[in-house]
There are 2 protein chains.
Amino acid sequence: MVDYDCQCEELHENKIQKAIISMPEDNIIKYISAFFKIMGDPTRIKIINALFDNELCVCDIAEVMNMTHSAISHQLRLLREADLVKYRKEGKVVYYSLNDEHVEQLYELAKIHIIEKRGLNAKILS
Amino acid sequence: MVDYDCQCEELHENKIQKAIISMPEDNIIKYISAFFKIMGDPTRIKIINALFDNELCVCDIAEVMNMTHSAISHQLRLLREADLVKYRKEGKVVYYSLNDEHVEQLYELAKIHIIEKRGLNAKILS
DNA sequence: TGAATATATGAACAATCATTCATATATAAT
DNA sequence: ATTATATATGAATGATTGTTCATATATTCA
């Protein structure tokens, strides 16, 4: 797989071994990256925002975002499958809310990172 | 954009207004989702893992991951552009490392979420 | 200067993804 | 039972993305 060898193989042997030894299994990597991938879409980030301290049905979310019920429903399925949201059925209506506090924590932490690195001030991002 | 109206518009008016008012601007949503999107790829998560408490050159990372230098270099460019990694040049060699502690914090928080929700135990994920 | 090494990048291609459209399911109301 | 409402889902499509291949840049060494 590696195209050609370089001197680093010998010079950095310890650091390379350290990285190899502490590398998680592939399916763990897959779980974690899949989780972030779900957070990595503007539509889903908007849905997550709408659900901060708010329980909304599909119809509500569609109106907040000015998108079709179908598009929202498809995205909610992905958020459900990643355990980012939970839902509660009441008659015909399905109410969605955030599954736990981690989602908001992750959102806030990413926001802090962007404020620090991109120089966007807190006011604009709040 | 919305396909048809539903009763929620009136019944949930307050909740809908709350979500609309607290919704960040579109470009803010874009920044945050773009950040998570960068974390949402197995190759990049592996690179991030390799760089935990470790400064490595492109060649090292390629060997750790058993991938071509070109593929790694492309991914490092994305990580650089998202300010996830920083780099330091020493002659021909470019050493990469994580830009700040947020990246590792986000990784750990996502791991905790997965452990809690997916029932994977801590041992497997560490 | 010229050859070798380390990294970066543009173009191409296959794979993945978000939305739309049509349709299906489930519940409520008449 | 029939109709209306709320949500879910399969297929199709245009857009985006990760890797490969070829090539370019930058630095070191002879």
Side-chain angles (χ1 to χ4, degrees), chain A residues 1-12 16 29-30 33-34 36-48 55-82 85-97, chain B residues 1-12 16 29-30 33-34 36-47 55-82 85-96:
Chain A
M1 189 86 72
V2 169
D3 27 4
Y4 54 81
D5 291 335
C6 57
Q7 297 181 337
C8 309
E9 275 193 59
E10 297 143 30
L11 287 170
H12 304 153
I16 292 171
I29 295 287
K30 216 172 59 185
S33 60
F36 283 119
K37 182 174 280 177
I38 293 298
M39 306 263 313
D41 174 81
T43 299
R44 292 191 289 268
I45 286 290
K46 280 186 92 167
I47 293 176
I48 287 168
E55 190 193 47
L56 297 172
C57 69
V58 177
C59 182
D60 296 337
I61 299 172
E63 201 194 337
V64 167
M65 303 185 51
N66 197 31
M67 289 176 66
T68 65
H69 295 184
S70 178
I72 297 299
S73 193
H74 276 297
Q75 296 299 347
L76 283 169
R77 180 174 51 80
L78 296 174
L79 290 167
R80 251 188 289 127
E81 286 170 2
V85 300
K86 59 180 187 289
Y87 61 99
R88 170 176 78 80
K89 225 176 159 178
E90 198 172 276
K92 286 177 294 194
V93 183
V94 180
Y95 291 96
Y96 283 86
S97 55
Chain B
M1 191 86 71
V2 168
D3 28 4
Y4 55 82
D5 291 336
C6 58
Q7 297 181 337
C8 310
E9 274 194 58
E10 296 142 30
L11 287 170
H12 303 153
I16 293 172
I29 296 287
K30 216 171 59 183
S33 60
F36 282 119
K37 182 174 281 177
I38 292 297
M39 306 265 308
D41 175 80
T43 299
R44 290 189 291 268
I45 286 290
K46 281 185 91 167
I47 293 176
E55 191 193 48
L56 297 172
C57 69
V58 176
C59 181
D60 295 338
I61 300 172
E63 200 194 337
V64 168
M65 303 184 52
N66 198 30
M67 288 178 67
T68 64
H69 294 183
S70 177
I72 297 300
S73 192
H74 275 298
Q75 297 299 348
L76 284 170
R77 180 173 51 81
L78 296 174
L79 291 167
R80 251 188 289 126
E81 285 170 3
V85 300
K86 59 179 187 289
Y87 60 99
R88 169 176 79 80
K89 225 174 161 180
E90 198 172 278
K92 287 176 296 193
V93 183
V94 179
Y95 290 97
Y96 283 86

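Below, chains carry the letters A, B, ... as their sequence lines are ordered, and counting in each starts from 1.
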Starting at the 5' end of DNA chain C, which residue's closest nucleotide do you reach first, A/Thr43 or B/Cys57? B/Cys57
Euclidean distance, atom OH of residue B/Tyr95 to atom P of C/dA6 [Å, nearest integer]: 10 Å
Among C/dA18, D/dT20, C/dC21, which is the nearest nucleotide to the side chain of B/Ser70? D/dT20
Atom pair distance, as rounded to whole Å: CD in A/Glu90 and C1' in D/dA6: 13 Å
Residue B/Gln7, side-chain heavy atoms: nucleotide from D/dA6, D/dT20, C/dT20 that is nearest: D/dA6
With a 4.5 Å limit on heavy-atom distance, are the side chains of B/Cys57 and A/His12 in contact? yes
From the list B/Ile38, B/Ile45, B/Thr43, side-chain contact (heavy atoms from CB on, under 4.5 Å) with B/Asp41 holds only for B/Thr43
Please indicate whether A/Lys30 has more than 12 foreign heavy atoms, meaning atoms of other residues, nucleotides or ligands, lying under 6.0 Å from its NZ. no
Classify the nucleic acid contact of B/Tyr87 as base, sugar-phosphate or nothing, counting any heavy atom under 4.0 Å across all strands shown. nothing
Among D/dT7, C/dT7, C/dA18, which nucleotide sits nearest the side chain of B/Ser73? C/dT7
Could you tell me whether the phosphate oxygens of D/dA8, OP1 or OP2, come under 4.0 Å of any side-chain nitrogen or oxygen in A/Tyr96? yes
Round to a whole Å and report the spacing from CZ of B/Arg77 to C1' of C/dT7. 13 Å
Please determine, for the side chain of A/Lys37, which listed nucleotide (C/dA18, C/dC17, D/dT19) has the closest atom? C/dC17
Ignoring the backbone of B/Met67, work out which of C/dT19, D/dT7, D/dT19 is nearest its side chain. D/dT19
Grab the CD-P distance between A/Gln75 and C/dC17 for me, whole Å please. 11 Å
With DNA chain D as reference, determine whether A/Ala71 or B/Cys8 sits nearer its 5' end, using the nearest nucleotide of each. B/Cys8
Which heavy atom of A/Ile47 sits nearest to which heavy atom of A/Met65, and what is that distance? CG1-SD, 3.4 Å
With no angle test and no hydrogens, is the base of C/dT20 tied to the side chain of A/His74 by a donor-acceptor pair under 3.5 Å? yes
B/Tyr96 vs B/Tyr87 aromatic rings, parallel, tilted or perpendicular, using cut-offs 30° and 60°? tilted
Calculate the interatomic distance between A/Lys30 atom NZ and C/dT16 atom P; express it in whole Å. 12 Å
Roughly, in whole Å, what's the span from CG in A/Asn66 to C1' in C/dT19? 14 Å
Would you kindly give the CZ-to-P distance between A/Phe36 and C/dT16, to the nearest whole Å? 22 Å
Check every atom of D/dT19, D/dA8, C/dA6 against the side chain of B/Lys92 and return the nucleotide holding the closest atom. C/dA6
I want to confirm an ordering. Mapping A/Lys89 and A/Gly40 to their closest nucleotides on DNA chain C, which one lands closer to the 5' end? A/Gly40
Per B/Cys6 side chain, nearest of listed nucleotides D/dA22, C/dC17, D/dA6: D/dA6
Got a donor-acceptor contact below 3.5 angstrom from the B/Ser73 side chain to the B/His69 backbone? no
Value in whole Å for how far the C1' atom of C/dT9 lies from CG of B/Leu76: 13 Å
